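Not measured: the values here are computed from a predicted model. Naming convention: chains lettered A, B, ... in sequence-line order (proteins, then strands); numbering from 1 in each chain.
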Amino acid sequence: MKTSQQIQAMRAELLDWYGREGRTLPWRIRPEDRVAGVAADPYKIWLSEIMCQQTTTTAAAAYWHKFLDKWPSVQDLAAAPRDDILTAWAGLGYYARARNLHKCAQMICTEHSGLFPDNEAGLLKLPGIGPYSAAAIAAICYNEATNVVDGNVERVISRIFRVQEVLPKARSEIRKLAATLADPARPGDYAQGLMDLGAHICKPKNPKCDLCPWQIHCAAYGSGDMIDYPKRKPKATRPNRYGAVFYVEDNGQIWLRQRPDKGLLGGMMELPGTDWSTDKPKVDTWLAQAPVQSNWQRVGGEVVHVFTHFTLYLTVFIGQTKASHFDISAHMNTLDNYALPSVMGKAITHAQAMK
DNA sequence: GAATCGTGGTG
DNA sequence: TCACCAAGATT
């Protein structure tokens, strides 16, 4: 634990560092502008926070601009067809975020008069807004003195206090320790400053301790084992799965279907294909699951795609018969306007390269 | 608490 | 090459 004098010093040092070295992000209000009375737009902050979940800020920023250009207000987003949102989200991953984004926008419009709740507890009730996002939005938009704890903060705090418990069990302890430091006077700037510190100074592998405003306060720096924190439970090895997809092209269009709304890639488009099994089946087993009978031609090589909890090996088959023979014209789609996840983009590229 | 849920970058 | 990681939420 830190003394109150130490805590006061740490808050001041972090805010000073943030004012000098804090990163500019497209949705961020700089401290000097905030003092001048510029307020953050909850819609823009909410959008950024959802997109930033488990996603690099670089990738999130590109989509953030695209979404704001397409849907400048929460009303615009709520009124959009869900599939348009999935299409715009395609490639960013974790598609439940896009589904919840739409639900949340609609709830804001139908149950909250088009306004975001102005406090952490209210925000937490909305779909897709969990403990981190609720705390962050409340702090950044409404200056509520929340305790914002993301992956960056977990790393910084675990090093400052040299937390011995492993994640995720250490989470409650880290939260309590973080709360002792959180700044009640400038919650938004403090939260963003602490996350910046984690992202750019207190990095996982090569922390720049020489540039850290909290160096003298850091227990891990003192013992030289920063890199060992946060301690984590070892992860299980990632299993493999195997499947096949079937590629039918006719007149510039491709046979696609929509996945069920729930689960992996929920609501996204895909090539028709087989189940993804843990053991690699024989080709005949795959062909028996083909959507239609055809002289399917196996494409050389496999498409390898790494998901969070398994690696997928996809074998691609190309149909030799024209789509018109299958009476599937209703399934034929151009690629432009559909929510195509990255894995299916890879499979299509693989098929087209072999033609 | 543990599993599920994407993707691209990196050392 | 490959395990790790990125402003987590949901069940």
> Roughly how many Å is it from NZ in A:Lys346 to P in B:dT7, rounded to a whole number?
Replying inline: 8 Å

>> Here's a test of your reading of the structure: between A:Gln192 and A:Leu126, which maps to the more 5' nucleotide of DNA chain C?
In response: A:Gln192

> Salt bridge check: are A:Arg241 and A:Asp275 linked by an N-O gap of less than 4.0 Å?
Replying inline: no

>> Heavy atoms from C-beta onward define the side chain here; which of C:dG8, B:dC5, C:dA6 lies closest to that of A:Thr56?
In response: C:dA6

> Within the pair A:His305 and B:dG6, is there a side-chain N or O less than 4.0 Å away from OP1 or OP2?
Replying inline: no

> Touch check for A:Ile50, heavy atoms < 4.0 angstrom, all strands: base, sugar-phosphate only, or nothing?
Replying inline: nothing

> Under a 4.5 Å cut-off applied to non-hydrogen side-chain atoms, are A:Arg97 and A:Leu92 in contact?
Replying inline: yes

> Between A:Ser342 and A:Ala170, which is nearer to the 5' end of DNA chain B once each is assigned its nearest nucleotide?
Replying inline: A:Ala170

> A:Met268 CE to B:dC5 C1': how many Å, rounded?
Replying inline: 13 Å

> Of A:Arg232 and A:Val149, whose nearest nucleotide on DNA chain C comes first from the 5' end?
Replying inline: A:Arg232

> Atom CG of A:Leu123 and atom P of C:dG8: how far apart are they, to the nearest Å?
Replying inline: 17 Å

> Can you check whether A:Arg155 has a side-chain N or O nearer than 4.0 Å to OP1 or OP2 of C:dA6?
Replying inline: yes

> A:Leu92 has an atom CG; how far is it from atom P of C:dG8, in whole Å?
Replying inline: 13 Å

>> For a quick check of understanding: with a heavy-atom distance under 4.0 Å over all strands, which category does A:Ala199 fall into, base, sugar-phosphate or nothing?
In response: sugar-phosphate

> Given that A:Lys205 and A:Gln54 both sit by DNA chain B, which one's nearest nucleotide is further toward the 5' end?
Replying inline: A:Gln54

>> Could you see if A:Leu194 belongs to whatever hydrophobic cluster contains A:Tyr221? Use Ile, Leu, Val, Met, Phe, Trp, Tyr and a side-chain cutoff under 4.5 Å.
In response: no

> To the side chain of A:Asn206, which of B:dG11, C:dA6, C:dA9 is closest?
Replying inline: B:dG11

> Checking all strands, does A:Thr55 fall into the base, sugar-phosphate, or nothing category for heavy-atom contacts under 4.0 angstrom?
Replying inline: base

>> I'd like to know if A:Arg28 and A:Asp196 make a salt bridge, using a cut-off of under 4.0 Å between side-chain N and carboxylate O.
In response: yes

> NA contact type, A:Arg28, heavy-atom cut-off 4.0 Å: base, sugar-phosphate, or nothing?
Replying inline: base

> Out of C:dA9, B:dG6, B:dA2, which has the shortest distance to the side chain of A:Leu264?
Replying inline: B:dG6

>> Donor-acceptor check, side chain of A:Arg155 to backbone of A:Gly198, threshold 3.5 angstrom: yes or no?
In response: yes

> In whole angstroms, how far is the P atom of B:dT10 from the CD1 atom of A:Ile227?
Replying inline: 17 Å

> Distance between the C1' atoms of C:dA7 and B:dA3, in whole angstroms?
Replying inline: 22 Å

>> Please classify the nucleic acid contact of A:Val306 as base, sugar-phosphate, or nothing, using heavy-atom distances under 4.0 Å.
In response: base

> Under the 3.5 angstrom rule, does the side chain of A:Ser158 hit a backbone N or O of A:Tyr229 as a donor-acceptor pair?
Replying inline: no

> When we call it a touch if two heavy atoms are under 4.0 Å apart, what does A:Gly91 touch: a base, just sugar-phosphate, or nothing?
Replying inline: sugar-phosphate

> Given atom CZ of A:Phe310 and atom P of B:dG6, what is their separation to the nearest angstrom?
Replying inline: 9 Å

> What is the nucleic acid contact for A:Ser133, judged by heavy atoms within less than 4.0 Å: base, sugar-phosphate only, or nothing?
Replying inline: sugar-phosphate

>> Please tell me if A:Tyr94 has a side-chain N or O lying less than 4.0 Å from either OP1 or OP2 of B:dT4.
In response: no

> Of the nucleotides C:dA7, B:dT7, C:dA6, which one has an atom closest to the side chain of A:Pro341?
Replying inline: B:dT7

> Hey, what's the ring geometry for A:Trp89 with A:Phe67, parallel, tilted or perpendicular (30° and 60° as the breaks)?
Replying inline: perpendicular

>> Rounded to whole Å, please give me the gap between CZ in A:Arg175 and P in B:dG1.
In response: 13 Å

>> How many whole angstroms separate atom OH of A:Tyr63 from atom C1' of B:dG6?
In response: 10 Å

> Considering only B:dT7, C:dC4, B:dA2, which nucleotide approaches the side chain of A:Pro168 most closely?
Replying inline: B:dA2

> Touch check for A:Trp27, heavy atoms < 4.0 angstrom, all strands: base, sugar-phosphate only, or nothing?
Replying inline: base

> Between A:His309 and B:dA3, is there a side-chain N or O to OP1/OP2 distance below 4.0 Å?
Replying inline: no

